[in-house]
Asker: 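Right, I'll just put the structure down here and ask away after.
By convention in this document, chain letters (A, B, ...) are assigned in the order of the sequence lines, proteins followed by strands, and residues within each chain are numbered from 1. Owing to the predicted nature of the structure, the values given are computational and were not obtained by experimental measurement. Side-chain atoms are counted along with the backbone in the values below, which use heavy atoms only and exclude waters and symmetry mates.
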Amino acid sequence: MDSKTPSSLPSVDFIREIVTTDVQQGRNEGKVITRFPPEPNGYLHIGHAKAICIDFGIAAEFAGRCHLRMDDTNPEKEEMEYIKSIQDDIHWLGYDWGTHFYNASDYFEQLYEWAVALIKAGKAFVCDLTADQITQYRGTLTAPGKDSPFRNRSVQENLDLFDRMRKGEFPDGIRTLRAKIDMSLPNINMRDPVMYRIVHATHPHTGDKWCVYPTYDWAHGQSDWIEGITHSLCTLEFEIHRPLYDWYIDTLIAIGCRPAGISYRPRQNEFARLNLTYTLTSKRKLAQLVKEKHVNGWDDPRMSTLRAFRRRGYTPEAIRNFVKEVGVTKFESVIDFGRLENALREDLNKRAPRRMAVLRPIKVIIDNYPEGQTEELDAVNNPEDPSAGVRKVPFSRVLYIEQDDFMENPPPKYFRLSPGIEVRLRYAYFVKCASVDKDAAGKVVAVHCTYDPATRGGDAPDKRKVKATIHWVSAQHAHPAEVRLYDRLFNTSNPGDVPEGKTFLDNLNPKSLEVIPSAQLEPSLKAANADERFQFERLGYFVCDTVESTPGNPVFNRSVTLKDTWVKEQKKA
RNA sequence: UACCCCGUAGUGUAACGGUAGCACAAGAGAUUUUGGUUCUCUUUGUCCUGGUUCGAAUCCAGGCGGGGUAGCCA
């Protein structure tokens, strides 16, 4: 029936395999419902993008849905500002939760009821140990813990105490509600874990209603269950929590507790988080970079936040493709940052209109071109996309070219402009360098060329070739603009890895930002709109900055350079 | 030191007991009005040792290496 060999079948990752099997076997009523559960206490970063693509992506592939749930179990840490930014970033990435936006705090009442049921079943108890004492009793990685002296309180006393905890009769930290599991289990998470702690704080959603708040382990799995989540996908560090995730659900089922209308239960599967070279994703360190002004805010294009990648000019398509390419496994890998840059280039190569811009100008004077003359030349907008059409670019006697594109004493294999050498000015003419002007210090300040009028448009009727084509901008028509050249924020591929006595800040790349106050742009760029992306020919991809551009005065951020085999060649030499 | 997870070219990732493949990187060449793009070719790999099997990257045992776990954070 099939000519397909096993190798021609599309290979899928282990999570999609699990989901496929579940659907085929009719588990969970055949549904696929996932969830993305951020804690609303920070901005999303590139690592979250992987989780988002997996959570929302798998749901979409299986015609299911993905919920967005704020994991707001800790009242002291959440802020509304983050909720908005998280939603915004997910939408930007191209995903949507529809009407399924929830908060873990939506379930506080249900969670409380179930906690009471567990107490009644003898599966939970109020513990008067202090935090330090709990740590003591917990044992260590190698030694078993021992039972809390409060473990065998009567159900009645537990119920009474838990009720009074809720009412706020006790100060913070004085008591906890704990699950009664087994203090000798090798998995420390199972040694009578805390379910509730007393916190007298105003919660952004529930206000002052609660004086006890559920811990992550107690809230998370049950929230999944209540929402009818089928596959609870998370990163590897929660793997060791899975036995507890299952214990809560199994135990609730055993004592007859179930969320209304849900016939099945969620399963947790873990995958490796995304690690990128030269990149930090620790909330704490990112915050430090902002606070100490090593960067200009959370959306500084050098940051690893999604907002920063946006401002840097990354496209959601590039990020999604990148995530798809790196795959989903349980192996803690580190992805070369170049892979992400590559995904951007691949996307923008197809879509970004080409323009000419000179970052570090040097003047070129065409000696035999009539003074005062101007002409409009046709330039192709995107050689990869004929439908992008052509535009007019003004040409005149005095031009700017890139300083890098002229050398008075060139090394071997240098194809660009140098004395006696002919090159093509893109879409314009062949020009040959005749002489140079120097200042008192001997520095070249202008290059004199002659042009061949027969080569208008860039083709020689006699079929003679040039080895280089360089970009240019007519000096009198050029629009000066600020351009920021971004490079990686850190010098070392693993910036979090620091020797004794140093911090990750010592790994900062002092050249991660170079501001060019006055690059010379071709005139059409003056009308660029915020967030509009271009390829500046031979330089890289640039985006019109969304924050600091004003109409008629665009500011550009370099998203990524073009590949450059010439710099590679130079490094070899 | 206990438990859990993970080891396939430089980096990622496939192969589900039957020819170790793909992408990126690297190198060589072709094409090119971007030293871009595109195309062709090349180099490089199953952590180790045993076992099971006609046959092992895959199953088993032991070792080695990496990561995770001792918040009333998530």
Asker: Any donor-acceptor pair under 3.5 Å joining the side chain of A:Glu270 to the base of B:C5?
Answerer: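 No, the side chain and the base share no sub-3.5 Å donor-acceptor pair.
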Asker: Determine if A:Phe331 stacks with B:G7; use a centre-to-centre distance below 5.5 Å and an interplanar angle below 30° as the criteria.
Answerer: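 Per 5.5 Å and 30° rule: no stacking.
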Asker: Side-chain N or O of A:Thr73 versus OP1/OP2 of B:A74: is the shortest distance under 4.0 Å?
Answerer: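 Answer yes for this pair, as a side-chain N or O of A:Thr73 is under 4.0 Å from OP1 or OP2.
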Asker: So, A:Arg424 side chain and A:Gly458 main chain: donor-acceptor pair closer than 3.5 Å or not?
Answerer: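 Indeed, once roles are kept as given, a pair shorter than 3.5 Å links the two residues.
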Asker: Taking 5.5 Å and 30° as the limits, would you call A:Trp566 and the base of B:G35 a stacked pair?
Answerer: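 Taking the rule of under 5.5 Å and under 30°, the ring of A:Trp566 does stack on B:G35.
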Asker: Using atom C1' in both nucleotides, what's the gap between B:U19 and B:A30 to the nearest angstrom?
Answerer: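 One C1' to the other, the span is 31 Å.
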Asker: Would you mind reading off the distance between A:Phe536 atom CZ and B:U37 atom C1', rounded to a whole angstrom?
Answerer: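 Result: 19 Å.
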Asker: Report which part of the nucleic acid A:Tyr414 touches: base, sugar-phosphate, or nothing (heavy-atom distance under 4.0 Å, all strands).
Answerer: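 The answer is base, as A:Tyr414 lies within the cut-off (heavy atoms under 4.0 Å) of a base atom.
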Asker: Describe the nucleic acid contact of A:Asn187 in one word from base, sugar-phosphate, nothing, applying a heavy-atom distance below 4.0 Å.
Answerer: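 The answer is nothing, as A:Asn187 stays clear of every strand by at least 4.0 Å.
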Asker: Pick base, sugar-phosphate or nothing for A:Asp459, based on heavy-atom distances below 4.0 Å to the nucleic acid.
Answerer: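 A:Asp459: base contact, heavy atoms under 4.0 Å.
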Asker: Quick one: the side chain of A:Arg345 and the base of B:U37, do they pair up donor-acceptor inside 3.5 Å?
Answerer: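 Absent.
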Asker: Does A:Phe162 have its ring centroid less than 6.0 Å away from the ring centroid of A:Tyr112?
Answerer: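 Ring centres of A:Tyr112 and A:Phe162 closer than 6.0 Å.
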Asker: What are the two closest non-hydrogen atoms of A:Ala379 and A:Tyr427, and how far apart are they?
Answerer: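 Scanning both residues completely, I find the closest heavy atoms to be CB-CD1, 3.4 Å.
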Asker: Does A:Arg538 make a side-chain donor-acceptor contact with the base of B:G35, cut-off 3.5 Å?
Answerer: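 Under the 3.5 Å cut-off, the side chain and the base do not form any donor-acceptor pair.
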Asker: Given the structure, check if the side chain of A:Glu384 and the base of B:G36 hold any donor-acceptor pair shorter than 3.5 Å.
Answerer: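 Yes, a donor-acceptor pair under 3.5 Å.
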Asker: Centres of the A:Tyr43 and A:Tyr82 rings: under 6.0 Å?
Answerer: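 Here the rings of A:Tyr82 and A:Tyr43 have centres that are less than 6.0 Å from each other.
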Asker: Is it the case that the base of B:U34 and the side chain of A:Gln535 share a donor-acceptor contact (distance under 3.5 Å, atom types as modelled)?
Answerer: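 Result: at least one qualifying N/O pair found.
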Asker: Taking the ring centre of each residue, are A:Tyr414 and A:Trp566 less than 6.0 Å apart?
Answerer: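 Ring centroids of A:Tyr414 and A:Trp566 are less than 6.0 Å from each other.
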Asker: So, does A:Arg273 get its side chain near the phosphate of B:G67, meaning an N or O under 4.0 Å from OP1 or OP2?
Answerer: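 No, no such contact exists.
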Asker: Rounded to whole Å, please give me the gap between NZ in A:Lys324 and C1' in B:A14.
Answerer: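 These atoms are roughly 16 Å apart.
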Asker: For a quick check of understanding: with a heavy-atom distance under 4.0 Å over all strands, which category does A:Thr140 fall into, base, sugar-phosphate or nothing?
Answerer: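 Base: the residue A:Thr140, judged by heavy atoms under 4.0 Å, touches a nucleobase.
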